[in-house]
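What follows is one structure encoded as structure tokens, with my remarks underneath.
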Amino acid sequence: MVREWDPRTAPAAEIESFLDALNAVFAADLPEDPLWENGMLREYLCEVMPGERRISWIAQDEPSADGQPGRILGHTHVLLLGDIGVLEVMVHPAARRSGLGRKLIATAARRTYQEGFRSMGVEVIGDTPAVGFYEALGFVREYEEDRSVLRLGTVDWVALGEMAQGIGPGYRLEFCPGGPPDELIEAYAMAKAETRDIDDGDLDLRPSSHDPQRLRDSLNCLHRRGMKPYIVLAIEEKTGVVAGLTEVVVPAQHPTRADQWDTIVGQEHQGYGIDRAMKARMLFELRSVEPKLSEVQTWNARTNEAMRAVNADLGFQADREWYEYGVDVAELVHRLDAGS
């Protein structure tokens with residue numbers, strides 16, 4: 001049975017069942033990844049940015065003989081974001097090859113079409129059954145990147161300390177737990193805005209906020225979802241300009257592995273070792289403020305050779321391929337209806 005699901009009001013037992021299914025998927029598809037915890041999981045599933053909506057569905061076993069709800073076997077949601085519906089689908093390994101994934105996508109695609117959206121995008125992990133599954137449904141691969149993982153237990157902290165000090169003269173680094181101070185929000189947003197027009201093929205399924213108010217909203221949303229942001233800024237001392245920034249988020253749902261987000265250096269400030277120094281400083285700060293943390297993961301386009309080299313210097317190891325697929329919603333609905 002597939003039904004619309006609101007995690008905000010779902011019983012605690014359903015949230016736990018969702019977590020069990022999610023971790024079964026991780027065990028099958030990403031066995032080296034840490035399992036998720038029920039730390040603000042409900043909030044993670046329901047909180048969104050202003051102007052965005054997330055619609056969710058679950059598939060469950062039949063109720064037990066004593067009337068207890070069946071376990072969750074599948075879940076999908078679509079985040080209605082700008083002009084695209086961002087899809088996520090999970091199917092418990094025990095329920096795969098049963099048509100459930102196709103049914104979940106058909107449900108989400110029809111609703112997305114009814115809501116007036118014309119395209120959908122989805123992130124797909126390389127070397128998993130999802131690749132062939134989405135391609136068979138007509139999804140087209142539009143962007144490729146690689147995930148790398150740094151295990152803090154392998155870090156050469158002496159060498160890292162030298163990197164953190166290796167910034168050119170005239171710049172200083174500032175560590176901002178929780179996000180940048182409000183007096184720096186506009187300068188921070190300007191630094192991020194410099195990259196907004198770069199077209200590298202990314203579908204923007206995880207868009208970066210560069211408007212000051214949107215950035216404030218984004219930081220507030222992260223906190224509500226249990227995702228603690230940490231920022232290191234590079235400030236040009238003579239002007240006070242934010243010359244560079246790097247962002248890491250530590251989610252309550254998997255607090256042993258952090259997510260590296262944007263790392264940006266303004267075009268006028270490149271060539272001064274800012275990117276490497278910021279990321280090295282970040283690792284020192286994380287070691288101090290997040291004692292549970294053991295790993296950091298990051299994603300980089302294959303064309304971004306400069307950042308890939310910085311990450312290699314820091315000790316990141318290539319891990320998995322990651323893809324973004326897109327599809328025309330009307331064509332997807334037609335294809336699914338014709339095959340039903």
Side-chain angles (χ1 to χ4, degrees), residues 2-8 10 18 21-22 25 29 42-59 72 74-91 99-126 128-145 196 199-211 214 217-218 221-222 224-225 227 259 261 299 322-340:
V2 175
R3 63 178 176 87
E4 194 165 333
W5 187 61
D6 184 358
R8 191 180 301 274
F18 172 92
L22 178 65
V25 170
D29 296 340
R42 184 189 300 273
E43 291 81 0
Y44 177 86
L45 293 169
C46 64
E47 293 289 346
V48 296
M49 290 274 287
E52 299 175 2
R53 287 185 295 142
R54 182 184 285 112
I55 309 171
S56 300
W57 296 264
I58 57 171
I72 291 177
H75 169 267
T76 186
H77 73 236
V78 61
L79 178 65
L80 302 177
L81 172 72
D83 60 355
I84 192 171
V86 181
L87 180 70
E88 285 193 22
V89 180
M90 73 166 185
V91 176
L100 178 56
R102 185 185 181 96
K103 186 173 183 179
L104 287 166
I105 289 180
T107 302
R110 292 189 188 103
R111 181 64 172 271
T112 302
Y113 184 75
Q114 291 166 3
E115 294 282 346
F117 288 74
R118 295 295 176 260
S119 62
M120 294 180 76
V122 63
E123 287 190 330
V124 179
I125 303 165
T128 66
V131 174
F133 173 71
Y134 284 106
E135 291 180 351
L137 292 177
F139 284 77
V140 177
R141 189 183 304 180
E142 300 190 21
Y143 185 69
E144 299 182 355
E145 57 187 349
R196 71 185 184 275
D199 184 8
D200 61 0
D202 188 349
L203 294 180
D204 281 338
L205 304 186
R206 294 171 289 174
S208 175
S209 299
H210 55 264
D211 171 80
R214 185 75 174 169
D217 291 339
S218 177
C221 183
L222 283 176
R224 293 196 308 272
R225 298 184 79 197
M227 304 171 72
D259 299 327
W261 285 14
W299 292 261
W322 226 261
Y323 310 131
E324 291 183 359
Y325 281 80
V327 71
D328 180 276
V329 178
E331 292 179 3
L332 176 61
V333 170
H334 176 75
R335 187 177 294 110
L336 289 165
D337 287 345
S340 61

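- Partners of Arg42 by side-chain hydrogen bond (donor to acceptor under 3.5 Å, both in side chains), not counting sequence neighbours: none found.
- Distance check, rounded to the nearest 0.5 Å: OG1 of Thr112 to CD1 of Ile55 gives 7.0 Å.
- Met120 places a side-chain heavy atom less than 4.5 Å from the side chain of Leu332.
- Judged as a ring pair (Phe, Tyr, Trp, His ring centres under 6.0 Å), and not counting sequence neighbours, Phe117 has no contacts.
- Residues Phe133 and Val91 form no side-chain contact, since every pair of their non-hydrogen atoms from C-beta on lies 4.5 Å or further apart.
- Under the 4.5 Å side-chain criterion, counting only non-hydrogen atoms from C-beta, Tyr113 is in contact with Arg118.
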Practice problem: Test side chain to side chain contact (heavy atoms under 4.5 Å, CB included) on Met90 and His75 and set out the steps. | Solution: CA-CA 5 Å; Met90 73 166 185; His75 169 267; 3.8 Å; yes
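- Rounding to the nearest 0.5 angstrom, the gap separating the CD1 atom in Ile58 from the CZ atom in Arg3 is 4.0 Å.
- In terms of heavy-atom proximity, Pro129 sits nearest to Asp29 at CD-OD1, 4.0 Å.
- Listed for the Thr107 side chain is a donor-acceptor partner under 3.5 Å among the backbone atoms of Lys103.
- Note that the CH2 atom of Trp299 and the CD atom of Glu123 stand 8.0 Å from one another [nearest 0.5 Å].
- Arg335 places a side-chain N or O within donor-acceptor distance of the main-chain N or O of Leu137, the cut-off being under 3.5 Å.
- Side chain of Arg54 to main chain of Glu47: a donor-acceptor pair is present (N/O by atom type, distance under 3.5 Å, no hydrogens or angles).
- Here Asp217 contributes atom CG and Met49 contributes atom CE; the two are 5.5 Å apart, rounded to the nearest 0.5 Å.
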Practice problem: Report the C-alpha distance between Glu324 and Glu142 in whole Å, list the side-chain angles of each, state the deciding distance to 0.1 Å, and finish with yes or no for side chain to side chain contact (heavy atoms under 4.5 Å, CB included). | Solution: CA-CA 6 Å; Glu324 291 183 359; Glu142 300 190 21; 5.6 Å; no
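- For Tyr134, the side chain to side chain contact (heavy atoms under 4.5 Å, CB included) partners are Leu87, Val89, Ile105, Val122, Val124, Ala130, Phe139, not counting sequence neighbours.
- Separating the OG1 atom in Thr76 from the CZ atom in Arg111 is a distance of 12.0 Å, to the nearest 0.5 Å.
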Self-check item: salt bridge (Lys or Arg N to Asp or Glu O under 4.0 Å) between Glu4 and Arg110, intermediate numbers included
Solution: CA-CA 13 Å; Glu4 194 165 333; Arg110 292 189 188 103; over 6 Å; no
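- The heavy-atom pair separating Ala59 from Leu100 by the smallest distance is CB-CD1, 3.5 Å.
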Quiz prompt | Audit row: Leu336, Arg102, side chain to side chain contact (heavy atoms under 4.5 Å, CB included) steps and yes/no | solution = CA-CA 8 Å; Leu336 289 165; Arg102 185 185 181 96; 3.7 Å; yes
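- Judged purely by atom type and a 3.5 angstrom limit, Arg8 has no side-chain atom pairing as donor or acceptor with the backbone of Leu45.
- Distance check, rounded to the nearest 0.5 Å: CD of Glu144 to OH of Tyr323 gives 5.5 Å.
- A distance-only check finds no donor-acceptor pair linking the side chain of Ser119 to the backbone of Val327 [under 3.5 Å].
- Between Phe18 and Trp5, the ring planes are parallel. Angles under 30° get that label, and only those over 60° would be called perpendicular.
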